[in-house]
Amino acid sequence: MKLRRRLISILKSKNWRFVPFLLPSLAGVSCFVIAPFGDVLVRSMKTMVTDSFCGLVNYQTVFSNEAFLLASKNTLYFDLVCLPLLIGLSLLVAVMLSKSRLVQALKSAYLFPLAVPTATVVLIWKMLFEKNGICNAGLSRLGIEPVDWMGSDWAFVVLIISYIWKNLGYTVLLWLSGILGISESIIEAAKVDGAGEAKIFFSIILPNLKPVFYTITVLSFLNSFKVFREAYLVAGAYPQESIYLLQHLFNNWFTNLEIDKMAAAAVVIAVLLSCFVLLLQKLWDNTPDDESSGKRKKIRKRKRGISI
């Protein structure tokens, strides 16, 4: 009886009033995300032809597949290079732009790359980086031999340039939303106390951008997987080795109906991505500022006579 009354009191409390509003979203996520992923998990432990249970054989096949290892290495290397470049460059541009009087007028201009269709971006790529394109024409005038941009290791550099160009403006706007949300009175007080631009940036602006920093890192990481569209339309299903990404691998396996290997690889990638996001969130939650603030809260509670 006590347990029943307890459950009834919990359900009647104000903390559960938001549940009806979450049910439609929960139903959609269950139908279109959780249930399909459960089906992928089951398929990863079955053979494609006989549909019989094979345990972890598909996972062993995936980890011994040279194409999977190459695509994983290239994708990881691409993220390790692109994320610091994009985050650092966009932060620098946002700080400089926040001091400009034309910041409101320039906001819409920075969203232009996102509005450009993928087919247009691919056309620009081909005009610039084809063997007889604009870049090689400029090199020829300078007396330099033409470069096979998409058929050599330069293809990786071209892919990085495309990713940064596509996502720089959006990331700058996210930084700007955080910078412009900082109270001007705090910055003015720091200037009165004699703080320079560098001191204000590292002691006031950067700590207040912590929530935005986490959001930008996760979004930039997820957006890095979308660069496959341009790479596929320019270089095809089997591009130069340095830009052969996981998306190329999945596309080729799907074309060949190797669903069992694709399902196993999808489960592995999903687990790794989830671990990365959770680890990133853990690092953000365990910063020294948070720990010191937690200690201060505990001290205040002890002073009030509250047992912890």
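The chain is numbered in sequence order, starting from 1. No hydrogens, no waters, no symmetry mates; every other heavy atom, side chains included, goes into these values.
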Show every side-chain hydrogen bond (donor to acceptor under 3.5 Å, both in side chains) that has at least one partner inside residues 63-77, sequence neighbours left out. none
Answer whether the closest heavy-atom distance between the side chains of L70 and E241 falls below 4.5 Å. yes
Distance in Å, I160 CD1 paired with S224 OG, rounded so as to fall on 0.5 Å steps: 11.5 Å
How close do D153 and Q240 get, heavy atom to heavy atom, and via which atoms? OD1-NE2, 3.4 Å
Under 4.5 Å between any side-chain heavy atoms of F63 and N58, yes or no? no
I want to check something: taking the side chain as every heavy atom from C-beta on, are L246 and I269 in contact at a cut-off of under 4.5 Å? yes
Say whether Y170 and F221 are linked into one hydrophobic cluster, either directly or through other cluster members, by side-chain heavy-atom distances under 4.5 angstrom. yes
Quick one: CD1 on I200 to CD on E188, what's the gap to the nearest 0.5 Å? 8.0 Å
Out of curiosity, does L273 fall in the hydrophobic cluster containing F250 (side-chain heavy atoms, cut-off under 4.5 Å, transitive links)? yes
Pairwise distance CD1(I259) to CE(M262) - rounded to 0.5 angstrom: 4.0 Å
Y59 versus S44, side-chain donor and acceptor atoms under 3.5 Å: yes
Can you tell me how far apart CG (L83) and OG (S220) are? Round to the nearest 0.5 Å. 6.0 Å
When the aromatic ring centroids of Y238 and H248 are compared, is their separation below 6.0 Å? no
Going by heavy atoms in the side chains, are T120 and P117 under 4.5 Å from each other? yes
May I ask whether L76 and Y163 are part of the same hydrophobic cluster, defined by side-chain heavy atoms of I, L, V, M, F, W, Y residues being less than 4.5 angstrom apart, directly or through others? no
Under 3.5 Å, is there a donor-acceptor pair between the side chain of T47 and the main chain of S52? yes
Calculate, to the nearest 0.5 Å, the distance between atoms CG and CD1 belonging to L41 and I34 respectively. 13.0 Å
For the pair W175 and F213, name the ring-plane relationship: parallel under 30°, tilted 30 to 60°, perpendicular over 60°. tilted
Between Y244 and N252, does any side-chain donor sit less than 3.5 Å from a side-chain acceptor? yes
Are there over 12 heavy-atom neighbours, none belonging to N256, within less than 6.0 Å of that residue's CG? yes
Closest heavy-atom pair, F129 versus C135, reported as atoms and distance to 0.1 Å, is CE2-SG, 3.8 Å
For I216, the option from L209, V172, T171, L91 that meets side chain to side chain contact (heavy atoms under 4.5 Å, CB included): T171
Taking all atoms of both residues into account, what is the closest heavy-atom pair of L176 and A94, and its distance? CD2-O, 3.4 Å
Do other residues, nucleotides or ligands put more than 12 heavy atoms under 6.0 Å from F37 CZ? yes
Heavy-atom closest contact (I243 atom, M150 atom, distance): CD1-CE, 4.0 Å
Answer whether the closest heavy-atom distance between the side chains of Y214 and V218 falls below 4.5 Å. yes
Rounded to the nearest 0.5 Å, what's the gap from CG on N208 to OG on S183? Could you check? 9.5 Å
Can you find a pair of side-chain heavy atoms, one from W253 and one from F68, that are under 4.5 Å apart? yes
Less than 4.5 Å apart, side chain to side chain, heavy atoms only: is that true for W154 and D148? no
Tell me the closest heavy-atom pair linking Q247 and K226, and the distance in Å. NE2-N, 4.4 Å
Using a 3.5 Å distance criterion without hydrogens, assess whether the side chain of E130 forms a donor-acceptor pair with backbone atoms of N132. no
With clusters defined by side-chain heavy atoms of hydrophobic residues (ILVMFWY) lying less than 4.5 Å apart, directly or transitively, does I161 cluster with L92? no
Step by step, would you call L219 with L174 a side-chain contact (heavy atoms from CB on, under 4.5 Å)? CA-CA 10 Å; L219 289 178; L174 292 177; 4.0 Å; yes
S140 and P146 have their tightest heavy-atom pair at OG-CG, 3.9 Å
Decide whether V57 and V267 are clustered together by the hydrophobic rule: side chain heavy atoms of Ile, Leu, Val, Met, Phe, Trp, Tyr closer than 4.5 Å, transitively. no
Derivation and outcome, side-chain contact (heavy atoms from CB on, under 4.5 Å), residues V121 and K166: CA-CA 9 Å; V121 176; K166 187 87 172 179; 4.0 Å; yes
Is there a side-chain contact between N136 and W149 (heavy atoms, below 4.5 Å)? yes
